[in-house]
Structures are given as C-alpha cells and as structure tokens.
Amino acid sequence: MKGKEKKKEIYQCLNCGWTSIIREEETPPDHCPNCLCSIHNEDEEGNECGGILEPVGIWVRSEKEWEIVQRCRFCGEMSTTPATEHDNRIKLLSIASKPISSPPFPIERIEEMTRLMGGNTDKGEI
Amino acid sequence: MNRENKKRKYDKKYYRTHPCTDSFTCKVCGWPVVSAGAGTNHRNHCPNCLYSIHLDNKPGDRESECHGRMEPIGVWVRKKGEWAIIHRCVRCGKISSNRVAADDNPMKLTALAMRPFGKKDGLYPGCFFPEGEL
C-alpha cells in the first residue's frame with residue numbers, strides 16, 4: 001500500500017503554492033490550475049530564463065477552445081497555453097473581463113468615435 | 001541626411017530609438033495609414049482592422065524573414081492601465097503585444113475585448129463550461 005502511494009507525484013505551483021496530486025495516467029499540468037501561472041523555462045533563443053509566466057489575456061481560438069496568453073514577468077516574452085477544464089473558472093473570467101473594467105475611451109460614445117475615424121461601424125465579426 | 005540613411009541601414013536598433021514616419025497601405029484591408037495621429041511613434045498595426053505584419057524579431061530590429069500577417073487575438077491591460085493588443089502571426093505563431101494607438105477602431109477593440117463573452121447561436125463559443133456551472 002505504501003509503495004503505491006510513493007508512485008504518486010505531487011505538482012506544486014512555485015507562484016501560489018497550490019499542490020495537486022498527479023495520477024499515473026495524467027501528465028503534469030503545464031500551468032497551475034489555481035493561479036494559471038507557469039515557469040518560463042527557456043526563451044526563443046534557448047537561453048534559460050526561469051521567470052514566472054503570468055496570465056494576461058484570453059484568446060478565443062475556436063469554439064470550445066480557449067487559450068491563456070501568458071507573459072514572462074522577467075523577460076517580457078509572451079506565450080500561450082491551452083485552458084483546461086480543471087482551471088480556476090473565476091480566475092479565467094476575471095482575466096477576460098479585466099480590459100472591460102478600464103476602457104481607454106468612453107464606451108458610451110463608441111459609435112460616434114468609429115464614425116469620426118471613418119471606420120466600419122457594424123458590430124460584425126473581426 | 002546621408003549619415004542618417006547610413007545609420008538607418010546599419011544600426012540594428014535604429015527603429016527602437018527613432019520614430020518610424022513611413023506611411024503604408026494595410027495589406028489586409030487596404031486602409032491607407034499615415035504615421036500622424038497615432039499618439040505614438042511606433043505604430044505597427046492598421047488602425048482599421050488592427051492587423052500587423054511580422055517584421056521584427058525583437059522590437060525595432062526589422063530582422064524577421066517571416067513577413068506573415070499578424071492577427072489580433074486579444075487585449076490586455078498594462079500596469080499603467082492602458083490597453084495593448086496581442087498579435088499572433090498566422091504563419092509562424094509568434095505572439096507579441098503593442099500599445100493601442102489613439103486612432104484605433106474603437107468598435108474592433110471592444111469587440112476583441114468582449115470576445116470571451118460573445119454569444120453565437122445561443123451558445124457561448126469557446127466557453128467549455130455551462131453558464132450556471134461557475
């Protein structure tokens with residue numbers, strides 16, 4: 001019985017300290033399910049970085065597929081990681097709604113502003 | 001002026017410290033873009049469709065050989081509270097971010113920010129959990 005327990009691996013988040021047990025059939029998560037952070041192992045040129053990748057945005061890739069956009073606190077490089085169903089949903093939605101809470105222009109005058117720049121005012125797909 | 005041209009040609013970080021005032025036509029939507037009115041010296045995306053072209057490996061070096069279209073995939077808020085657009089190259093998948101300019105299409109920007117909350121045919125696209133199950 002004890003031998004079986006030893007085989008279990010424990011995932012610990014280096015940012016928030018969240019621990020979870022990885023079962024044998026599962027692969028270790030590439031980001032923390034609680035704070036959605038991960039560790040930046042190496043940058044594009046292959047240099048070691050070791051900074052913490054913070055979640056900054058949500059990318060709606062397709063239907064039923066979200067990706068978390070992460071940015072390294074140390075070197076500023078950006079990367080994406082697929083969101084899974086184990087992720088903290090409140091944290092996911094709070095990241096998605098952060099830009100809406102601080103709009104760079106008055107939202108109530110948006111149509112007027114778009115018309116002023118001569119742009120397309122229909123609210124269709126981008 | 002010749003010295004300036006020489007500098008532009010050989011200094012790899014020229015556009016990092018110097019403004020780029022060239023005007024260009026958007027390769028995606030055909031919008032004529034001039035450098036004035038952006039509120040920034042480093043405009044890198046079309047103010048109408050928000051697309052960009054993959055020219056830089058690091059900001060301002062013009063060294064990338066990809067030249068793919070960079071699709072706007074989202075916005076994020078910087079520390080000072082200003083928005084930045086996240087671009088992803090359609091060809092090679094590189095992700096970069098750039099500050100929003102003063103004359104960017106506000107309708108497109110808001111649509112980008114609202115994308116995770118959008119509803120299509122009565123369903124939340126991309127949302128893998130039902131509405132009540134938060």
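A note on names: the letters A, B, ... follow the listed sequences, proteins ahead of strands, and every chain is numbered from 1.
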Of the backbone (N, CA, C, O) and the side chain (C-beta and beyond), which part of [X] lies under 4.5 Å from a heavy atom of chain A, both, or neither?
| X | value |
| --- | --- |
| B/R78 | neither |
| B/S97 | both |
| B/L109 | side chain |

Check: What residue pairs, at least two apart or across chains, pass salt bridge (charged side-chain N to carboxylate O under 4.0 Å, His left out) with a residue in residues 30-48 of chain B?
Finding: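 For residues 30-48 of chain B: B/R43-B/D103.
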Next item on the list: Quick one: closest heavy-atom pair of B/W76 and A/P99, and the distance?
Entry: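 In terms of heavy atoms, the two residues are closest at CA-CG, 4.5 Å.
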Check: Does any heavy atom of chain B fall under 4.5 Å from the side chain of A/V69, the backbone, both, or neither of them?
Finding: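 The answer is the side chain of A/V69.
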Notebook entry, point to check: Does the side-chain contact (heavy atoms from CB on, under 4.5 Å) test come out yes or no for B/V33 and B/N48, once each step is laid out?
Noted result: CA-CA 9 Å; B/V33 187; B/N48 182 47; over 6 Å; no
Notebook entry, point to check: Same hydrophobic cluster for B/V77 and B/I73, using side-chain heavy-atom links shorter than 4.5 Å among ILVMFWY?
Noted result: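 Unlinked, B/V77 and B/I73 end up in two clusters.
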Next item on the list: For each of A/S97, A/G57, A/G76, tally heavy-atom pairs with chain B at distances under 4.5 Å, and name the one with the top tally.
Entry: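 Top count of heavy-atom pairs under 4.5 Å with chain B: A/S97.
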Note to self: Taking every non-hydrogen pair under 4.5 Å, which of B/M114, B/R88, B/E82 racks up the most with chain A?
What the structure shows: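 Highest number of pairs under 4.5 Å: B/R88.
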Next item on the list: Could you walk me through whether A/I52 and A/C37 pass side-chain contact (heavy atoms from CB on, under 4.5 Å), step by step?
Entry: CA-CA 7 Å; A/I52 289 172; A/C37 288; 4.0 Å; yes
